[in-house]
Amino acid sequence: MTARPEAVNGAPAIELRGISKAFGPVQANKNIDLIVPRGTIHGIIGENGAGKSTLMSILYGFYRPDAGEILIGGGPITIHDSQTAIRAGIGMVFQHFKLVQNFTVLENVILGAEDGRLLRPSLARARGELKRLASEYELQVDPDAMIEDLSVGHQQRVEILKALYRQADILILDEPTGVLTPAEADHLFRILRGLRDEGKTIILITHKLREIMEITDNVSVMRRGEMVASVKTSETSPSQLAELMVGRKVLLRVEKAPATPGAPVLEVRGLRMVDAAGVERLRGIDLDIRAGEVLGIAGVAGNGQSQLLEILGGYPEKGARLEGEIRLKGAALPLTGSDARARREAGVGHVPEDRQVEGLIMDFSAWENVAFGYHDAPEFQNGWLMNQAAIRADASAKIERFDVRPPNPELAAKNFSGGNQQKIVVAREVERNPDLLLIGQPTRGVDIGAIEFIHKRIIALRDAGKAVLLVSVELDEILALSDRIAVMFDGRIMGERLPDQATTADLGCLMAGVEPGTPPEQAIPPAMGPAGVA
Amino acid sequence: MERMPKWADVILTPLISLVLAFAISALVILAIGESPTEALKVMVEGALGSSYGWGFTLYYATNFIFTGLAVTVAYHAGLFNIGGEGQAAMGGLGVALVLLAVPWPHWALALPAAMVGAAVFGALWALIPAWLQAKRGSHIVITTIMFNFIAAALLNYVLVNLLRPVGSMDPASARFPEAAHLPKLTDMALAFGMQWGKNTPANVTFFVAVIACLLVWLLIWRSRLGYEIRAFGKSERGAVYAGISPVRITVIAMLISGALAGLMAINNVMGEAERLVLNAVEGAGFIGIAVALMGRNHPFGVLLAALLFGFLYQGGGELALWTSVPRELIVVIQALVILFTGALDNMVRMPLERIFMALRKGRA
Amino acid sequence: MDFPTILQILDSAVRLMTPLLLACLAGLYSERAGVFDIGLEGKMLMAAFAAAAVAYATNSAWLGLCAGIMGALAMSAIHGLAAITFRGNQLISGVAINFLASGLTVLLGQKIFGLAGRTPALAGPARFSEITLPFAEALRPVPVIGPIYAELISGHTILVYVAFAMVPLTWWVLYRTRFGLRLRAVGENPASVDTAGVSVTRLRYGAVAICGVLCGIAGAYLATGISAGFVKEMTAGRGFIALAALIFAKWRPWAALGATFLFGLLEALANRFPNLDLGIITVPSMFMSALPYILTVIILAGFVGRAIPPRAGGEPYVKER
Amino acid sequence: DPALIFDLGGKFDKSFNEAAFNGAEKWKAETGGSYKELEMQSEAQREQALRRLAETGANPIVMTGFAFGEVLNQIAPDYPDTKFVIIDMVVEQPNVQSVVFTEEQGSYLAGVMAAKASKSGTVGFIGGMDIPLIHKFECGYAQGFKAANPEGKVIINYTGTTPAAWNDPVKGGELVKAQISQGADVIYAAAGGTGIGVLQAAADANILSIGVDSNQNHLHPGKILTSMVKGVDNSVYDAFKAGTEVQPGIKVMDLASGGVSVALDDNNKPLITEDMTAAVDAATKGITGGEIKVHDYMTDNTCPVQ
Ligand SMILES: Nc1ncnc2c1ncn2[C@@H]1O[C@H](COP(=O)(O)OP(=O)(O)OP(=O)(O)O)[C@@H](O)[C@H]1O
Ligand SMILES: Nc1ncnc2c1ncn2[C@@H]1O[C@H](COP(=O)(O)OP(=O)(O)OP(=O)(O)O)[C@@H](O)[C@H]1O
Ligand SMILES: [Mg+2]
Ligand SMILES: [Mg+2]
């Protein structure tokens, strides 16, 4: 680690000058300047696809910039690859962790930072070092655990440990809290503050304005590949930041009338699910959703929500064992031997959590995607063949109603932006007027304008007397849309709340698996996310 | 936004790849001490220079259309069917059994029956690997390779012990009844008063193959099943979400694929040899891979690529017949075509994309 | 079956499994690094030809071995170029390599020797001869152990011992060295290696190169060890059997030893009992010779259906679309 | 000019096709004439090749291998002025000469010699692809061996069931070792390229082997007991020499006519005992005189001895 550039007195830890990067036709970063002073926590915010991750990946040597200059500690440096960045004291925790799933924690930590050609000495040293780091920074993990057996929160700790093990001075965290419970996020922030106080420099990418306000010293805002502002956190406000992010004033309070619930549409009793690997994913779920109401399911990702949606959508994971009872409009649904097609025919619409992997075929054109899942509907058939004219007409109409841009049904799904992709999926499912709409992470990766639109459509469906099951990891979204909120933890419903009575702290406890009634140790300030911005 | 126009993707890229493959082939010819231009001349004259040459070129092309389509259909379902060789061999068995079991009065009756036999046997031979892939996750590439070997052994057993007429040396079946012989293209041309391709094996199956191209196109791009096959091929998770059963699609796509490979037997077994001989497929199943790759897995592209390989095969055969170039030259050319159009196509695509991006920027 | 017969069958199995084992370990390196390789057959074939040709020309089996390794490495380079640098389809590249080797060996062989793809027969120092281990004769009279040592363990060519030594070596490299750790990581999640500052490309080329070296030894063994010269298509599907063994072994070195031994044993048994008489029916020889393939399918279906290949296997590492 | 068409094995197969080639070369050397030659590239080309040669005026046209039978039967009537000679197959057409060899007789002699040379009383046979023609060799060999040593044992192996079986010397060598371990000390190979591996492995193991088709004694002097030679070269030579006067009909190349024989030359002279010579002579006499009937496997697909 001697290659680290000499710090010029008082020079910023990081200085970026005129960084540009294009991926084919996409200009991800345009002429970006950024200064991060030493010993500070610097926030970066911006809509999806604004280029935050790209910029940080360039700093970390993962991508090479097309143009621009990087100075570390005042000295110019050419970062060829991550090795150079690591030598320069930069560590990065990626949005998607870069861990080897079937390696142990220890092996992951030493990967690329081994001491010699043989593993044994490296492993021994790393074990000791991890123990030290763990006690110093409250980063306990079992060094011999397999990554695939660890929770996301622990996996993130491993990523941070990896950076610290490499003696990083500059730590980049890309959306670290997306997968954490409020308590875990709080713990993370304590660690980050500790690191800053030690003199380390931290860059934090997040979508949550609350976190920016809570922990950062400075904040930079990116929009469409450009750096639009860099300000002191103390001199700005969430609403100003939101405005900078989208380039216009946002009004995100969802206007809705009180719900008028009717007859039960979905009744779930004692639903259990053991997956092919023998892990119990659902441990007895009881749910009711009535016509004309939205039931929001809050919870940290990975607590069984995905499995619940898949089972209700008719396609439980292969090899899973199921138990319990599901009734739709009073009629019992088979747990197995059915498929997603049958569910659709029974009146269940489903916007899946991951539009790119499930909801769309990325290589199909938009019009083909608008028929996806409904491709055997009678109106789309023409004898033995598909009635392409009918499908195209249907698609064009939906694309227009949902303001999908560009309004070109021939374009492949992969060529639409994330928000517009999501609009295609939502249009397809909502326009069929299902009696029950399952909707997972409806606005993940969607810009604020489109969020507004999608939220309105969900409420409109509710007001038309349909039942909606909303799964989201965004508490703000849950709070804004739901008529009732259920919190899931470890395959169970921890409790139900009404949105106007629920506090984030209360929900946070439930999400962390703490039984209601236990006094919340860590009070979390009220929501300040987009939904709270007036 | 696409990085380059569609025509560049579907026409220019394979064309340049092809040119590269041929350029290297020329070097190989030079290396073995022959003249590439002379070789090319012999090949073009032998394959395309006369109706006679065409008669062979079309015959080989017909084989390759079927095996190419077989690879194509499986490919759209995300399955790599290397088993065309075995499936086509089993298709031959189906044809032989059908034609030998019944004294067919006329070829027009025998042909559909033989097609059913060929398709059923080919499909059944693809069924087990498909089922294993769908149900047990056994890699279909490996199982289809194994099934090629098993088919060879099985066919050998059947020919030697069951179908071989007593006293015959040849591990081959008896001749099919005279009435079941398919009309050759020569005969058909004669009916129109034309002298064309005398004594060449090209036969009415060529038209069946062209129709098969059309049907496969309809299947893949116009039918609901094709929609489901393509969706499954692009994203299994997506297909499951949409209620498309992976098991069903895997099995059906492989059955169709196997049936198409099996149908090749109409051409070589029923149309040409008029009996079942050992190793009748002669590698056409593998050439189908190259044909499908070259043809960008589109039936029309497969048709063109099959013609190209028909030309290579006939031209290469002529070359080997009349010059001292060994026939393995065709194998090398075939390998290079597969390599450049299939595995190395990014080598051509990446610079092309850069050129088109630069052009676009220049215009903007 | 009496003891000597069993010994002889085992001895034959050892010889027959050697090319399978080498090719299987070759595939193991490549696939553990995330590069699938159905071109083992072609690499071995090319190596066999190069080894035989050079051994004939120089009258040295060792130079032949070097040439065999170079030949297989050349094929590996093509595979690496296609699979790593140009992010092509690894299966297709493998198919192409098999064809290329099958055609080129005959083309070159015909050009050089004019024997329709054969090389002239090798004799003397152009072949690897069988080594008698120390005390083999002295120990022979000792019951059980003696014959095992003298018949089964002693009396193979050096390449057989190399192949067997490769098993613990591979295990050690894979699980005890830095290179092994990185190799396994790059086959599971190349991004983890990349972000750790190690070059994915270099590692994968390294693995593919090792694969070439081992295929080279396997090919040289076929042409200059177990037989005396090259004959066209002499690999006769062994690359594919090795591939099946690799899956059967779930990409683990010791299991690879077991799997290739099983297939070697099967072939040895089929050689010994061509028409298996089961009392009621006699299994025809065709089925005996197809048995390894049938068994592979059965094994694939029954026991290794859940074998999980390296997670990044078959996928080119694409950082920027 | 006469013409010669080789079958798929190719003209340098060290046995069958090569023998035909040698016959043609002998004619060429003697007469100074020239001839056309073709190597088959694919099944569908058989007819093409024949017609092309016939149309260019080649006469007679000689082809090696039974696989031409069907095609020749079809096209011979189209070229009544051309004479065709087919080896190893009977085609009944007025302008075709069919040359067939009594391989069972030659193999019988090989069997007799094997029996005499074997010390263990166990001998081996290794066939290439498992097809009837090769069983004909096997069966003749077994009959000869059993006649000379009724108590002895013949171990029989085939390399495989696909054409690859002709090109697997590794397996050939392994089969030799397997047979040796079962006691065989003379092994007869009728297996094309695989046979090369058989002869090699036998020589390596210091046992005797028997070659086939051509005289292969020179491959491992002193280690190959003999070769069962088919006079393919002579029949090609004769056909070329007769030119357009080739006699149509079936020409049986048997032991009596010298069509099949066991090769004796300097290479294997040291291996031949007097006892052996006497036995071979006796068998030869018996066969040519009709006292010994060697059963032909091809007539009924069975072999009287096992
Ligand atoms: N490897 C890549 N290849 C091609 N395009 C890419 C790649 N990575 C990112 N992009 C594109 O570059 C743009 C910027 O992406 P980036 O991931 O930096 O956004 P982001 O601000 O981190 O968004 P998010 O909030 O979703 O994480 C997007 O349009 C994205 O589609
Ligand atoms: N790109 C490569 N090509 C061929 N062989 C390689 C390659 N990379 C590594 N090897 C081989 O693997 C063995 C172990 O590699 P090692 O673990 O030292 O890799 P490394 O860390 O990249 O080495 P170094 O840091 O010394 O460059 C070396 O002996 C080398 O021969
Ligand atoms: Mg992103
Ligand atoms: Mg990001």
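Lettering of chains follows the sequences in order, A, B, ..., and the numbering in each one begins at 1. Values below: every heavy atom of this structure, side chains too, minus hydrogens, waters and symmetry copies.
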Report which part of A:Phe364 has an atom under 4.5 Å of a heavy atom belonging to chain B: side chain, backbone, both, or neither.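 Only the side chain of A:Phe364 comes within 4.5 Å of chain B.
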Measure A:Gln381 against the heavy atoms of chain B and call it side chain, backbone, both or neither at under 4.5 Å. side chain
Please identify, among B:Gly226, B:Ser235, B:Ala231, the residue contributing the most non-hydrogen atom pairs under 4.5 Å to chain A.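 Max contact count across the listed options: B:Ala231.
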With a 4.5 Å limit on heavy-atom distance, are the side chains of A:Met362 and B:Lys234 in contact?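 No, side chains not in contact.
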Can you tell me how far the CG atom of B:Leu225 sits from the NE2 atom of A:His375, to the nearest 0.5 Å? 9.5 Å
Once rounded to the nearest 0.5 Å, what's the spacing between atom NZ of A:Lys318 and atom CD of B:Glu236?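 Separation between the atoms: 6.0 Å.
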Which atoms of B:Arg354 are under 4.5 Å from chain A, going by heavy atoms: the side chain, the backbone, both sets, or neither? neither
Which answer fits B:Glu353, side chain, backbone, both or neither, if we ask what part of it has an atom under 4.5 Å from a heavy atom of chain A? neither
Residues which pass side chain to side chain donor-acceptor pair (under 3.5 Å) with A:Asp394, listed by chain and number, not counting sequence neighbours: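 For A:Asp394, the residues satisfying side chain to side chain donor-acceptor pair (under 3.5 Å) (neighbours in sequence not counted) are A:Lys398.
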Heavy atoms under 4.5 Å from chain A: which residues of residues 240-250 of chain B carry them?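 Residues in range: B:Val240, B:Tyr241, B:Ala242, B:Gly243, B:Ile244.
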Let me see the working for A:Glu317 and B:Arg237 under salt bridge (charged side-chain N to carboxylate O under 4.0 Å, His left out), right down to the final yes or no. CA-CA 10 Å; A:Glu317 179 191 318; B:Arg237 293 253 320 262; over 6 Å; no
If only atom types and distance count, is the side chain of A:Gln388 paired as donor or acceptor with the main-chain N or O of B:Trp221 below 3.5 Å? yes
Any idea which of A:Ala371, A:Gly383, A:Pro352 has the most non-hydrogen atom pairs under 4.5 angstrom with chain B?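 Greatest number of close heavy-atom pairs with chain B: A:Pro352.
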Pick from A:Asp354, A:Leu360, A:Asp376, A:Leu411 with the largest number of heavy-atom pairs that fall under 4.5 Å of chain B: A:Asp376
Does A:Tyr374 have more than 12 heavy atoms from other residues, nucleotides or ligands lying within 6.0 Å of its OH? yes
